[in-house]
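The structure appears right after this line, and notes come after that.
Values below: every heavy atom of this structure, side chains too, minus hydrogens, waters and symmetry copies.
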Amino acid sequence: MKMSDLVAQYIIRMLDETHGSCEIKRNELASVLGCVPSQINYVITSRFTPEQGYIVESRRGGGGYIRIIRVETDKRVAMMHIVNSIGDSIPAASAGAILGNLVERNMIDEYDYAMITSALSDKAYCCIPQESRDTLRAAILKNMLITHVMMK
């Protein structure tokens with residue numbers, strides 16, 4: 001498992017234990033997990049975004065901290081925010097990260113995750129020119145998520 005996955009899982013576990021809000025001291029967390037502090041920053045900025053249902057506040061300095069708050073919203077509203085954040089193109093890895101976060105937040109189940117991931121894979125686009133794949137992937141991902149919202 002990648003270090004970024006371990007950091008994200010650790011933070012999610014902290015959020016679960018503290019009912020959706022936690023404060024992190026970046027250097028302390030890096031020491032506990034055996035990584036560099038910049039890895040903590042990377043995970044927070046890439047996996048704990050407003051589109052993914054989190055508010056992140058930070059205070060710099062010696063007593064500084066990073067506060068992460070999980071925002072509980074209506075699943076349809078949250079899904080539409082995610083759809084709107086995708087843009088005109090998306091690489092396979094980013095699509096996979098979004099889908100992984102949707103599973104973690106119980107917005108899609110494992111079966112939906114597997115089916116959508118399969119439909120977005122580069123293997124499925126082997127006949128599509130490389131320069132067009134990310135654009136096609138974004139359009140398909142958006143449509144699949146919108147359909148998922150409409151069917152639930």
Side-chain angles (χ1 to χ4, degrees), residues 1-124 134 137-138 140-152:
M1 183 177 286
K2 295 180 187 176
M3 179 55 72
S4 56
D5 293 333
L6 292 172
V7 172
Q9 285 179 353
Y10 189 89
I11 293 172
I12 288 169
R13 203 169 31 250
M14 288 177 67
L15 287 166
D16 290 342
E17 291 171 359
T18 58
H19 308 292
S21 177
C22 67
E23 287 187 9
I24 297 168
K25 293 198 178 222
R26 193 176 65 119
N27 291 338
E28 289 177 16
L29 183 57
S31 177
V32 167
L33 296 176
C35 65
V36 294
S38 61
Q39 187 76 44
I40 306 297
N41 285 350
Y42 168 76
V43 170
I44 291 171
T45 57
S46 63
R47 299 194 188 187
F48 295 90
T49 64
E51 293 82 20
Q52 295 164 327
Y54 298 95
I55 296 172
V56 178
E57 303 169 352
S58 64
R59 182 173 153 229
R60 301 205 182 270
Y65 61 85
I66 299 169
R67 178 179 295 137
I68 302 173
I69 303 165
R70 182 184 297 139
V71 179
E72 298 297 331
T73 60
D74 176 76
K75 287 186 180 184
R76 288 177 182 242
V77 171
M79 188 71 83
M80 293 315 297
H81 281 293
I82 292 165
V83 167
N84 290 329
S85 75
I86 291 172
D88 294 331
S89 71
I90 189 167
S94 297
I98 289 171
L99 293 170
N101 286 326
L102 291 173
V103 170
E104 286 177 13
R105 296 183 65 206
N106 296 315
M107 293 177 70
I108 64 173
D109 59 31
E110 293 286 339
Y111 179 80
D112 293 335
Y113 170 83
M115 297 308 290
I116 297 170
T117 300
S118 176
L120 300 177
S121 71
D122 275 335
K123 242 184 200 179
D134 291 349
R137 184 178 290 112
I140 291 172
L141 177 58
K142 288 178 189 179
N143 282 314
M144 292 182 96
L145 294 178
I146 290 168
T147 300
H148 186 275
V149 166
M150 302 308 285
M151 298 300 294
K152 296 290 176 172

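Proximity of S21 to I68: side-chain heavy atoms (C-beta onward) are nowhere separated by under 4.5 Å. Here the side chains of Y10 and I40 are not in contact, with every heavy-atom distance at 4.5 Å or above. Contact of the R26 side chain with the I44 side chain is not registered, since no non-hydrogen atoms from C-beta on lie closer than 4.5 Å. You'll find the side chain of I66 reaches within 4.5 Å of the side chain of N41, heavy atoms only. In this structure, the side chains of L99 and D112 stay at 4.5 Å or more apart for every pair of heavy atoms. Looking at T45 and V56, their side chains never come closer than 4.5 Å, going by heavy atoms from C-beta outward. Taking 4.5 Å as the limit, some side-chain heavy atom of I24 sits within range of a side-chain heavy atom of M14. Using a 4.5 Å heavy-atom threshold, the side chains of I12 and R70 count as touching.
For the pair N101 (side chain) and A97 (backbone), a donor-acceptor distance under 3.5 Å is present. A donor-acceptor pair is defined here as one N or O able to donate and one able to accept, closer than 3.5 Å; such a pair exists between the side chain of K142 and the backbone of G87. T147 contributes a side-chain N or O that, together with a main-chain N or O of N143, makes up a donor-acceptor pair within less than 3.5 Å. Distance alone, capped at 3.5 Å, places no donor-acceptor pair between the T117 side chain and the A114 backbone. Checking side-chain atoms of S118 against main-chain N and O of M115 turns up no donor-acceptor pair under 3.5 Å.
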Query - Derivation and outcome, side chain to side chain contact (heavy atoms under 4.5 Å, CB included), residues L6 and L33 - result: CA-CA 8 Å; L6 292 172; L33 296 176; 5.7 Å; no

Query raised in the report: Could you go step by step and tell me if Y54 and T49 meet the side chain to side chain contact (heavy atoms under 4.5 Å, CB included) rule?
Result: CA-CA 5 Å; Y54 298 95; T49 64; 6.0 Å; no

Report task. Go through the steps for V43 and D5 under the test side chain to side chain contact (heavy atoms under 4.5 Å, CB included), then give the verdict. Result -> CA-CA 8 Å; V43 170; D5 293 333; over 6 Å; no

Requested in this report: Begin from the C-alpha positions of Q39 and S4 and carry the test side chain to side chain contact (heavy atoms under 4.5 Å, CB included) through to its verdict.
Outcome: CA-CA 7 Å; Q39 187 76 44; S4 56; 3.5 Å; yes

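R67 CZ to R59 CZ: the interatomic distance, rounded to the nearest 0.5 Å, is 9.5 Å. Atoms CD1 and NZ, on I108 and K75 in that order, are 11.0 Å from each other to the nearest 0.5 Å. Atoms CD1 and NE2, on I69 and H19 in that order, are 15.0 Å from each other to the nearest 0.5 Å. Taken from CD1 in I90 to CG in L141, the straight-line distance is 5.5 Å, to the nearest 0.5 Å. Between M107 atom CE and M79 atom CE the span is 4.5 Å, to the nearest 0.5 Å. Atom CD1 of I116 sits about 5.5 Å away from atom CG of L145, to the nearest 0.5 Å.
Nearest heavy-atom pair, A124 versus A119, reported as atom, atom and distance to 0.1 Å: CB-O, 4.0 Å. Considering all non-hydrogen atoms of both residues, A138 and S89 come closest at CB-CA, 3.5 Å.
Heavy atoms from other residues, nucleotides or ligands lying under 6.0 Å from CE of M80 number more than 12. Within 6.0 Å of CG in N84 there are more than 12 heavy atoms belonging to other residues, nucleotides or ligands.
With respect to the salt-bridge test (charged N to carboxylate O, under 4.0 angstrom), the residues D134 and R137 qualify.
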